[in-house]
Amino acid sequence: MGIFSLKKKKPIIGLTLSGGGMRGIAHIAVLKALEKYNLKPDIISGTSAGSIVGAFYSLGKTPDEMMEIVRQTTFFSRSYLRLSKNGIFSSNFILKLLKDYFPEDDFKVLKIPVYVTATEMTHGIVDFFSEGELFMPLLASSSVPFVLPPVKMGEKIYVDGGVLDNLPIEPIIDKCDFLIASHVNSISYDSLENMSLMKEFDRILHLAIAKSVYSKVKSCDIFLDPPKMTKFSLFNKKSLDIMFQEVYEYTCQQLEEKGHTRGLGVLEF
């Protein structure tokens, strides 16, 4: 009887990306670190900024290319101020970003399956989108209440997916063998004096949704939660490179410490 080399099927890696406004850029650092350790995701779910980062990555953009897009793009600028009853800013800058880089407004242009999370206002439920029209679900998923206007799709009104589910592992947890989650909103407990209105809004929002996020940690094989992320702005790119480097180094360290850097490839017996 000969000696056979049996190859175990490569595990399907799932990746969930939280919301976080401009802090969602930190997910790009996570993706760069995951690639370094050959942990490229096979399926992705995301909320808000996480869904946009996931969509760009699934389109085929590398982390370096995505960072260059971030540097070239203006977010939450005065030119998009609207100060209406539905939101402080127009969401046209997000729509422009999507139209500039995606060849078609359809999930079918994505190379990796992506599930986009949005909160349906009328019934207070979470909907997941993974096929058909792409831009409106991404816009809905990113519509932070009071900051960006709600999005109407059909007869339903949607706002930011993070309102009810800021770590949407649900649509992919049964579709992958190994689940990685990236959460970029860990609360900084530095001095709260002289807090701006936007900082106060940011803190209240993430205090409110933190419990639901951390209740899912045990369901993840790797939970990435870089510390003191709320020291970085929800709405501007200030300290962009510092945040990227901190999160990249944190992620690499976590992967090394948890010993998951070599165990997910093709195994030989």
Side-chain angles (χ1 to χ4, degrees), residues 15-34 45-54 63 66-67 70-71 73-77 87-89 91 93-94 117-119 141-148 159-169 180-217 220 222-254:
L15 176 64
T16 296
L17 303 174
S18 74
M22 296 308 300
R23 289 194 291 270
I25 295 166
H27 292 312
I28 304 175
V30 168
L31 286 163
K32 188 174 179 71
L34 291 177
S45 62
T47 282
S48 198
S51 68
I52 294 176
V53 169
M66 292 163 70
M67 284 302 292
V70 169
R71 291 189 176 94
T73 303
T74 301
F75 303 90
F76 298 107
S77 70
I88 299 171
F89 292 93
S91 53
F93 69 92
I94 299 177
T117 310
T119 299
S141 182
S142 306
S143 293
V144 180
F146 312 116
V147 178
L148 295 172
V159 294
D160 194 300
V163 171
L164 291 182
D165 195 349
N166 206 35
L167 198 74
I169 64 174
I180 302 168
S182 174
H183 176 246
V184 294
N185 303 293
S186 61
I187 295 171
S188 172
Y189 293 98
D190 296 336
S191 174
L192 303 182
E193 293 182 10
N194 302 317
M195 185 180 289
S196 68
L197 184 62
M198 280 300 191
K199 279 279 189 183
E200 185 177 337
F201 171 78
D202 181 5
R203 192 173 190 83
I204 291 170
L205 174 66
H206 288 102
L207 283 170
I209 63 180
K211 186 175 180 180
S212 65
V213 168
Y214 290 111
S215 68
K216 302 181 185 184
V217 173
C220 305
I222 300 177
F223 179 69
L224 299 167
D225 191 32
K228 297 186 176 182
M229 286 297 290
T230 55
K231 69 183 178 184
F232 299 111
S233 174
L234 195 65
F235 300 111
N236 68 58
K237 294 190 287 185
K238 186 178 180 181
S239 305
L240 166 67
D241 291 316
I242 295 172
M243 177 176 68
F244 184 92
Q245 191 61 31
E246 283 188 11
V247 174
Y248 176 75
E249 290 175 359
Y250 163 86
T251 304
C252 290
Q253 181 183 13
Q254 290 296 304

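Heavy atoms only: backbone and side chains are in, while hydrogens, waters and symmetry mates are out. From a predicted model like this one, the values you see are computed outputs, not experimental measurements.
Closest approach of G20 and V184 over heavy atoms only: CA-CG2, 4.4 Å. The nearest pair of heavy atoms linking Y250 to D225 is OH-N, 2.9 Å. Summarising the geometry of S45 relative to P168, their closest heavy-atom pair is OG-O, 2.7 Å, with the distance given to 0.1 Å. Contact detail for V30 and S182: the closest heavy-atom pair is CG2-OG, 3.5 Å. Across all their heavy atoms, L31 and M66 have their closest contact at CD1-CE, 4.3 Å. Nearest heavy-atom pair across D160 and T119 is O-OG1, 2.8 Å.
Without hydrogens or angle criteria, K32 side chain to H27 main chain gives no donor-acceptor distance under 3.5 Å. A donor-acceptor distance shorter than 3.5 angstrom exists from the side chain of K216 to the backbone of L167, with no hydrogens or angles considered. Using a distance-only test at 3.5 Å, with no hydrogens or angles considered, a donor-acceptor pair links the side chain of S233 to the main chain of N236. Side chain of S212 to backbone of I209: a donor-acceptor contact under 3.5 angstrom is found. Distance alone, capped at 3.5 Å, places no donor-acceptor pair between the R23 side chain and the N185 backbone. A donor-acceptor pair is defined here as one N or O able to donate and one able to accept, closer than 3.5 Å; such a pair exists between the side chain of N166 and the backbone of G19.
T117 and D165 share no side-chain donor-acceptor pair at under 3.5 Å. When only modelled atom types and interatomic distance are considered, T47 and S141 share no side-chain donor-acceptor pair under 3.5 Å. In this model, no donor atom of one side chain and acceptor atom of the other lie less than 3.5 Å apart for E249 and Q253.
Residues L234 and M22 have side chains not in contact (no heavy-atom distance under 4.5 Å, counting atoms from C-beta outward).
Atom NZ of K238 and atom CG of L240 lie 13.0 Å apart (nearest 0.5 Å). Distance CG/D241 to CD/E246: 11.5 Å, rounded to 0.5 Å. To the nearest 0.5 angstrom, L17 atom CG is 10.0 Å from I180 atom CD1. Note that CD1 of I25 and CE of M243 are 5.0 Å apart. Values are rounded to the nearest 0.5 Å. Once rounded to the nearest 0.5 Å, the distance linking CZ of F93 with OG1 of T74 reads 10.0 Å. The line from OG of S48 to CG of L148 is 8.5 Å long, rounded to the nearest 0.5 Å.
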Walk me through whether C220 and I169 qualify under side chain to side chain contact (heavy atoms under 4.5 Å, CB included). CA-CA 8 Å; C220 305; I169 64 174; 4.3 Å; yes
Worked check of side chain to side chain contact (heavy atoms under 4.5 Å, CB included) between I187 and M229: CA-CA 6 Å; I187 295 171; M229 286 297 290; over 6 Å; no
Step by step, would you call V147 with F235 a side chain to side chain contact (heavy atoms under 4.5 Å, CB included)? CA-CA 10 Å; V147 178; F235 300 111; 3.7 Å; yes
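Residues passing the ring pair (Phe, Tyr, Trp, His ring centres under 6.0 Å) test with H183 are Y214, sequence neighbours excluded.
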